[in-house]
Structures are given as structure tokens and as C-alpha cells.
There are 2 protein chains.
Amino acid sequence: MTRAEDTRERILFGAEEVVLRDGVAHLTLEAAASQAGISKGGILYHFHTRAALVTAMVQRLSSSFDADLEREGGLSGRPGAFTKAYLQATFGSSGEVAEGRQRRLGAAVIAGVAADPELLEPLRERFVAWQHALVADGLSPASASLVRLAADGLWFTELLGLAPLEEDLRSSVRDELLAHLDSALAPHPAPTASQARTGRGTRHPRGGKNAP
Amino acid sequence: MTRAEDTRERILFGAEEVVLRDGVAHLTLEAAASQAGISKGGILYHFHTRAALVTAMVQRLSSSFDADLEREGGLSGRPGAFTKAYLQATFGSSGEVAEGRQRRLGAAVIAGVAADPELLEPLRERFVAWQHALVADGLSPASASLVRLAADGLWFTELLGLAPLEEDLRSSVRDELLAHLDSALAPHPAPTASQARTGRGTRHPRGGKNAP
DNA sequence: GCGGGTTTACCGTCTGGACGGTAGAGTCGC
DNA sequence: GCGACTCTACCGTCCAGACGGTAAACCCGC
């Protein structure tokens with residue numbers, strides 16, 4: 001049991017490694033095998049088909065993000081907590097280590113979409129669930145969705161290396177999103193003298209339903 | 001000439017079609033060929049190698065977006081114009097038609113990253129240029145980048161079908177981003193009576209450099 | 001506590017098919 | 001009749017998956 005699960009982990013880890021290093025096109029069973037220090041037959045014992053391997057990679061990704069959300073307090077039930085957790089889980093606390101992990105996990109998506117779009121189905125379902133949680137988080141749906149889009153955008157651009165933001169700009173954006181989030185939490189803040197009201201633009205714009 | 005360019009277009013169009021319908025894995029020369037109503041040899045006349053085909057798809061994507069930016073007035077030089085154009089070009093004016101086009105063009109990215117990450121190099125350069133233009137657009141770098149991330153996030157989630165926003169939520173978010181953008185343009189708005197001031201949260205947070 | 005049987009975990013080889021790319025022979029407009 | 005364009009074989013390679021084998025781990029009656 002422990003033995004087998006350990007090997008499984010090594011295989012998944014190795015597969016991610018291959019994708020990041022050589023690109024998805026080079027993710028063959030043999031490549032993943034040798035990366036994990038195992039034979040091709042060995043891989044096929046754990047994953048009956050190549051698609052099964054990729055699926056496992058994708059599932060690993062979404063459950064990892066779920067864990068992050070919980071660790072960031074997204075399930076506390078406090079209004080805005082989920083959105084904030086979504087933001088923090090994506091932007092990460094310390095950018096250095098997190099980035100590698102983000103990219104590592106993103107490799108799964110790349111592998112998934114490359115192999116066959118329908119392998120992303122389980123991931124799609126998770127995204128729908130997250131979107132549900134976001135719009136029902138106590139903020140206006142638009143504000144929560146805005147935060148989500150920005151977070152997803154960050155992840156995406158860093159994943160593909162499409163002009164990812166520099167460290168300091170990145171944290172400025174995060175701060176700005178956090179501020180936006182706070183202001184969206186208190187739409188009618190009974191303006192207390194000098195404390196600037198940051199509201200408006202975030203009064204509830206009709207009760208949005210959620211993603212398809 | 002016209003004849004050849006026409007065929008070239010048909011090939012690129014067909015290739016996108018295949019990616020969207022069957023997934024990147026099925027984008028073979030033969031598949032693209034038969035989609036374009038041509039033979040494999042015919043394709044190889046126009047694109048000496050498969051990589052050349054994918055590269056052309058990617059270039060088509062970025063120049064198309066550049067055209068959108070210009071059409072949206074992004075090159076007017078007015079402060080904030082580029083950021084606004086970036087936003088509008090991504091969110092599109094009418095969501096129906098635009099979405100198909102977005103996905104169609106996104107197919108190129110998928111194809112690129114799947115085949116070989118380094119085929120995205122030209123696209124990376126474009127992204128860097130856009131990011132440059134954004135941070136130098138007259139708003140705070142963080143505000144401009146925030147808008148960019150949200151736009152990229154929208155594109156990405158719609159591309160992969162990862163819980164894309166519904167039509168009305170989508171436009172709510174766009175409106176909120178536009179409001180954010182306006183407020184970032186006028187950081188010290190000399191509050192004119194009842195007109196709500198939407199500022200703060202966007203005062204310039206140090207002069208961020210731009211992406212690597 | 002030992003031998004026979006079963007399961008688990010893995011290995012190495014083989015094959016059928018797909019795919020990128022090549023060679024060369026048309027075809028057709030000008 | 002030339003050159004741009006397109007076609008039809010064809011080759012070599014690569015890879016997923018099948019398959020048969022092996023060796024250790026684990027029962028389990030006795």
C-alpha cells in the first residue's frame with residue numbers, strides 16, 4: 001500500500017517534471033517512467049492508460065488547490081473569506097517557493113488540454129464549484145468574480161511565462177485586490193469622517209447567477 | 001499570390017477548427033489538410049514543417065489582438081487609453097460573436113504550448129510589449145496590471161471552458177473594471193458634491209518596473 | 001514456522017499504427 | 001514551357017499498449 005502509493009506519487013511528480021522541462025509533447029510513458037526511476041511497464045501497472053495518468057495529474061492539481069483554500073481559511077464561512085482565500089492561495093504568501101509549485105501543478109493542465117480537452121472535465125467541475133462559492137461569498141458577485149479573474153489571469157500568465165508580473169508589481173496588485181475586496185465587503189460604510197470610503201462600483205448589481 | 005495566400009488562410013483556419021473540435025492532440029498535418037480541403041503535401045508546400053504551421057497560428061493570434069487594440073483606440077496616446085482598449089478588446093463589445101473568435105484564436109496558444117513551449121516565444125514578446133504599454137499608460141502600474149490580469153483571466157477561463165462567466169456577470173465585471181480604471185485615472189478628484197468619488201485604493205504605489 | 005499458493009509490484013520485449021517529412025510526378029494558368 | 005502549386009506514394013521513427021515473465025510480500029492451514 002504505502003509502497004505503491006509512494007511509487008504513484010513519484011510517477012506523478014516525474015510526469016510534471018518532464019512537462020516543465022521538455023514540454024508536453026515529450027511526456028511519453030517512457031519519459032515519465034525513466035524520470036520516476038521505473039520502467040514503462042511499471043507505470044502501466046499503476047495507470048492502465050496514458051489518459052489515466054494525465055487525469056490523475058489534473059485531479060492532483062485541483063485537490064491541492066482545495067487544500068490551499070482551506071489552509072487560507074476559505075471555509076470559515078465569514079463573508080468574503082472564500083474570495084480572500086482564493087486570492088491568497090493564488091498569489092501565495094512567499095512568491096519564491098510558491099511559483100515553482102504553481103507552475104508544477106499547472107503542468108497538469110497543460111498536459112490535460114494537450115492530450116484531450118475532455119480530460120479537463122473534473123477540473124471544470126471544480127472551477128464551477130469555486131465560482132459558486134465566490135458569488136455566494138457575501139460580496140457582490142461582480143467583485144468576487146473580478147478577484148477571481150485576476151487571480152486566474154496571474155496563474156495563467158505565470159504558467160505560460162507570458163510576461164509574468166515582477167515581484168513588487170505582483171504584490172502591489174495583490175494589495176489593490178485586497179483593498180477592493182475590503183471595500184466590497186462594506187458597501188454602505190456610513191462614512192466615518194476622514195476614512196475614505198472606497199465603496200461604490202460595488203453595490204450589488206442584481207443577483208447574478210453563476211457560471212454554466 | 002492571391003491564390004496562395006488564400007490557401008494559406010484556409011489552412012490556418014482549418015487548423016484552428018481542428019484544435020477546437022478535436023483537441024490539439026488531433027492536430028496532425030493530415031487532419032489540418034483534409035479540413036482545409038487539401039492534401040498533406042499541399043500543406044507542406046506552404047509550411048515546410050509542422051512547427052512552422054503552429055508558429056503562423058500564434059503570430060496570427062497576436063497580430064489579430066494588436067489590430068483589436070488599435071480598433072479600440074489603444075494607440076491614441078491618451079492616458080489610460082491603452083489599458084481601456086486592452087480591456088475592451090478582451091471582453092469584446094458583443095459577447096456572442098466575439099467569444100467564438102476568442103476561442104478560435106486561443107486554439108493557437110494551445111497548439112503552441114502543446115507542441116513546444118518555445119513556439120510561444122514571439123507571443124511572449126508581444127505580451128511583454130503590451131505589459132510595457134500598460135504600466136506606462138498614465139495610471140498606476142498596479143491598476144493597469146490588475147485590469148490586465150482580469151482580462152487575461154477572462155480569456156483563459158473562456159478558452160478552456162473553466163467555469164466561464166455568464167453573460168450578465170461578465171459585463172458587470174467589465175463595468176466594475178472600467179469604473180476602477182476611471183477612478184485610477186483621477187487619483188485626486190476634488191470631490192464634486194454628490195458625484196461619488198471612487199478613488200483611493202489606487203493611489204500610485206511606488207513606480208513599478210515592468211515584466212521581465 | 002513452514003511450505004504451497006495467491007497477490008502485489010514491477011520488468012523487458014514486441015507490435016501495430018500513426019505521424020512528420022521526402023521524392024517525384026502531375027496540373028494549370030500565364 | 002515555365003513556374004507556382006498540388007498530389008500520391010513512400011520511408012523512418014516514435015509511441016501506446018499488450019503480453020509474458022519474475023520476484024518479493026502476504027496469507028494460511030497445519
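All chains are named by letter (A, B, ...) in the order of the sequence lines, taking the proteins before the strands, and each is independently numbered beginning at 1.
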Please report the distance, rounded to the nearest Å, between [atom1] in [X] and [atom2] in [N].
X	N	atom1	atom2	answer
B:Ile38	D:dC5	CD1	P	11 Å
B:Arg8	D:dT6	CZ	P	12 Å
A:Asp22	D:dC15	CG	P	11 Å
A:Phe47	C:dC10	CZ	P	11 Å
A:Leu29	C:dG12	CG	P	16 Å
B:Asp6	D:dC5	CG	P	12 Å
B:Arg50	C:dA18	CZ	P	16 Å

Exercise. When you look at CZ of A:Arg21, are more than 12 heavy atoms from neighbouring residues, nucleotides or ligands closer to it than 6.0 Å?
Worked result: yes
Exercise. Of all the choices, D:dT6, C:dG20, C:dC10, which nucleotide is nearest to the side chain of B:Thr7 once you look at every atom?
Worked result: D:dT6
Within less than 4.0 Å of OP1 or OP2 of [N], is there a side-chain N or O belonging to [X]?
X	N	value
A:Tyr45	C:dC10	no
A:His46	C:dC10	yes
A:Thr49	D:dG17	yes
A:Thr28	D:dC14	no

For this session: Look at the aromatic rings of B:Phe156 and A:Phe156 and report parallel, tilted or perpendicular, splitting at 30° and 60°.
Result: parallel
Seminar exercise, completed: Nearest-nucleotide check on DNA chain C, B:Leu44 vs B:His26; residue mapping nearer the 5' end is B:His26
Problem set entry | 5′-ward residue of the pair B:Glu30/B:Arg10 relative to DNA chain D | B:Arg10
For this session: Assign each of A:Leu27 and A:Gly41 to its nearest nucleotide of DNA chain D by heavy atoms, then name whichever residue's nucleotide is nearer the 5' end.
Result: A:Leu27
Exercise. Looking at B:Ala142 and A:Val173, what are the two nearest heavy atoms and their distance?
Worked result: O-CG2, 3.7 Å
Exercise. With sugar-phosphate meaning primed atoms plus P, OP1 and OP2, does A:Ile43 contact a base, only sugar-phosphate, or nothing at under 4.0 Å between heavy atoms?
Worked result: nothing
For this session: Spell out yes or no: do the side chain of B:Lys40 and the base of C:dG21 have one donor N/O and one acceptor N/O closer than 3.5 Å?
Result: yes
Problem set entry | B:Tyr86 and its side-chain hydrogen bond (donor to acceptor under 3.5 Å, both in side chains) partner, picked from B:Asp137, B:Asp68, B:Asp152 | B:Asp152
Exercise. Is a donor on one side and an acceptor on the other found under 3.5 Å between the side chain of B:Arg10 and the backbone of B:Ala36?
Worked result: yes
